[in-house]
Visitor: 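To start, I am sharing the structure in question, which I have written as structure tokens.
As a basis for the values below, the full set of heavy atoms in this structure was taken, side chains included, without hydrogen atoms, waters or symmetry mates.
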Amino acid sequence: MRRKQSGKGQEQIVTLEQWAEIEICEGRTVTTLYPANEEMLKRLGEMDPKPHLVYRRLNFRHGVPPEYYWTTDNEAQRASGGHGIQRMRLETWLTTIAGEEDGHLGPCLEPLPRPLSRGGCDCATCREAREYWERMGVTVP
């Protein structure tokens with residue numbers, strides 16, 4: 001896999017990115033993806049090099065609806081909404097979207113921690129993901 005170089009001479013992490021707008025309209029949860037998965041797959045086919053990571057940024061406009069309770073176990077966050085991130089390998093994203101047939105996003109079964117080259121993160125989710133990938137013998141960019 002060819003890797004791009006950043007302006008600082010460091011390896012650039014190639015990403016495919018998607019925004020998910022999650023809102024409650026007339027009592028039902030509506031998930032809108034920008035770009036849609038079909039467009040993401042088209043972009044993927046045109047990318048060289050292929051992305052190392054897929055980022056999904058989730059925006060909960062009206063609080064976190066029940067379909068997305070998997071994103072948090074904190075009742076205060078569920079009430080107020082806000083943002084979330086899914087960070088995964090390309091192969092994991094392809095598997096994840098294959099199971100998303102109900103119009104809503106699903107949890108990523110193999111999340112990636114925030115890359116150390118981008119400042120890292122020591123939250124519980126990133127810490128657990130980093131430990132998982134270390135046990136698997138995989139170096140996370």
Side-chain angles (χ1 to χ4, degrees), residues 1-8 10-141:
M1 176 183 301
R2 278 190 353 216
R3 309 252 177 162
K4 291 183 176 182
Q5 296 292 313
S6 72
K8 298 178 183 176
Q10 297 176 329
E11 180 178 60
Q12 180 181 0
I13 299 172
V14 180
T15 62
L16 189 59
E17 301 186 23
Q18 186 174 48
W19 179 267
E21 192 71 32
I22 301 145
E23 55 191 327
I24 301 170
C25 295
E26 298 179 5
R28 55 182 209 105
T29 302
V30 177
T31 302
T32 308
L33 300 176
Y34 303 97
N37 286 337
E38 296 77 17
E39 177 63 23
M40 293 272 286
L41 291 167
K42 181 180 173 189
R43 289 181 186 185
L44 172 62
E46 298 168 352
M47 292 179 77
D48 182 30
K50 296 297 182 206
H52 303 99
L53 303 175
V54 176
Y55 274 77
R56 280 179 151 177
R57 289 168 173 81
L58 290 65
N59 183 40
F60 298 101
R61 292 190 57 194
H62 307 117
V64 179
E67 295 88 345
Y68 288 93
Y69 279 1
W70 56 266
T71 64
T72 181
D73 57 2
N74 180 316
E75 196 58 43
Q77 286 179 327
R78 288 179 179 171
S80 63
H83 299 277
I85 293 179
Q86 285 185 317
R87 191 179 299 107
M88 61 193 96
R89 295 179 309 133
L90 176 60
E91 298 80 12
T92 304
W93 177 73
L94 292 169
T95 301
T96 300
I97 66 170
E100 295 175 342
E101 298 174 359
D102 65 354
H104 303 300
L105 305 184
C108 170
L109 299 178
E110 295 181 327
L112 292 173
R114 184 168 192 234
L116 296 175
S117 62
R118 292 191 172 178
C121 177
D122 201 34
C123 75
T125 301
C126 285
R127 198 170 43 250
E128 290 171 15
R130 196 175 308 107
E131 291 168 0
Y132 167 79
W133 288 108
E134 286 172 3
R135 286 193 306 276
M136 300 302 287
V138 174
T139 302
V140 178

Visitor: Using a 4.5 Å cut-off on heavy atoms from C-beta on, say whether the side chain of Gln77 contacts that of Val64.
Guide: no

Visitor: Can a donor-acceptor pair be found between the side chains of Tyr34 and Glu21 at a distance below 3.5 Å?
Guide: no

Visitor: What do the steps show when you test Phe60 against Thr29 for side chain to side chain contact (heavy atoms under 4.5 Å, CB included), and what is the final call?
Guide: CA-CA 10 Å; Phe60 298 101; Thr29 302; over 6 Å; no

Visitor: If you measure only the distance, is there a donor-acceptor pair under 3.5 Å linking the side chains of Trp19 and Glu17?
Guide: no

Visitor: State the CH2-CD distance between Trp93 and Gln18, to the nearest 0.5 angstrom.
Guide: 6.5 Å

Visitor: Let me see the working for Glu134 and Arg130 under salt bridge (Lys or Arg N to Asp or Glu O under 4.0 Å), right down to the final yes or no.
Guide: CA-CA 6 Å; Glu134 286 172 3; Arg130 196 175 308 107; 5.5 Å; no

Visitor: Please report the interatomic distance NE2(His62) to OG(Ser80), rounded to the nearest 0.5 Å.
Guide: 13.0 Å

Visitor: Are the side chains of Pro51 and Val14 in contact, using a 4.5 Å heavy-atom criterion?
Guide: yes

Visitor: Calculate, to the nearest 0.5 Å, the distance between atoms CZ and CZ belonging to Arg57 and Arg87 respectively.
Guide: 8.0 Å

Visitor: Once rounded to the nearest 0.5 Å, what's the spacing between atom CD1 of Ile22 and atom NE2 of His83?
Guide: 11.0 Å

Visitor: Applying salt bridge (Lys or Arg N to Asp or Glu O under 4.0 Å), which residue pairs with at least one partner in residues 23-34 are found, sequence neighbours left out?
Guide: Glu23-Arg61

Visitor: Assess whether side chain to side chain contact (heavy atoms under 4.5 Å, CB included) is satisfied between Leu44 and Val54, documenting all intermediate values.
Guide: CA-CA 10 Å; Leu44 172 62; Val54 176; over 6 Å; no

Visitor: I'd like to know if the side chain of Arg78 and the backbone of Tyr69 have a donor-acceptor N/O pair within less than 3.5 Å.
Guide: yes

Visitor: Nearest 0.5 Å, please: how far is CD in Glu91 from NZ in Lys50?
Guide: 12.0 Å

Visitor: Identify, with sequence neighbours excluded, every residue that meets salt bridge (charged side-chain N to carboxylate O under 4.0 Å, His left out) alongside Glu100.
Guide: Arg56

Visitor: Let me have the donor-acceptor pairs involving side chains of residues 101-108, under 3.5 Å, with sequence neighbours excluded, atom names and distances please.
Guide:
| from | atom 1 | to | atom 2 | distance (Å) |
| --- | --- | --- | --- | --- |
| Asp102 | OD1 | His104 | N | 2.9 |
| His104 | ND1 | Thr31 | OG1 | 3.0 |

Visitor: Rounded to the nearest 0.5 Å, what separates atom CD1 in Ile97 from atom CD in Glu38?
Guide: 8.0 Å

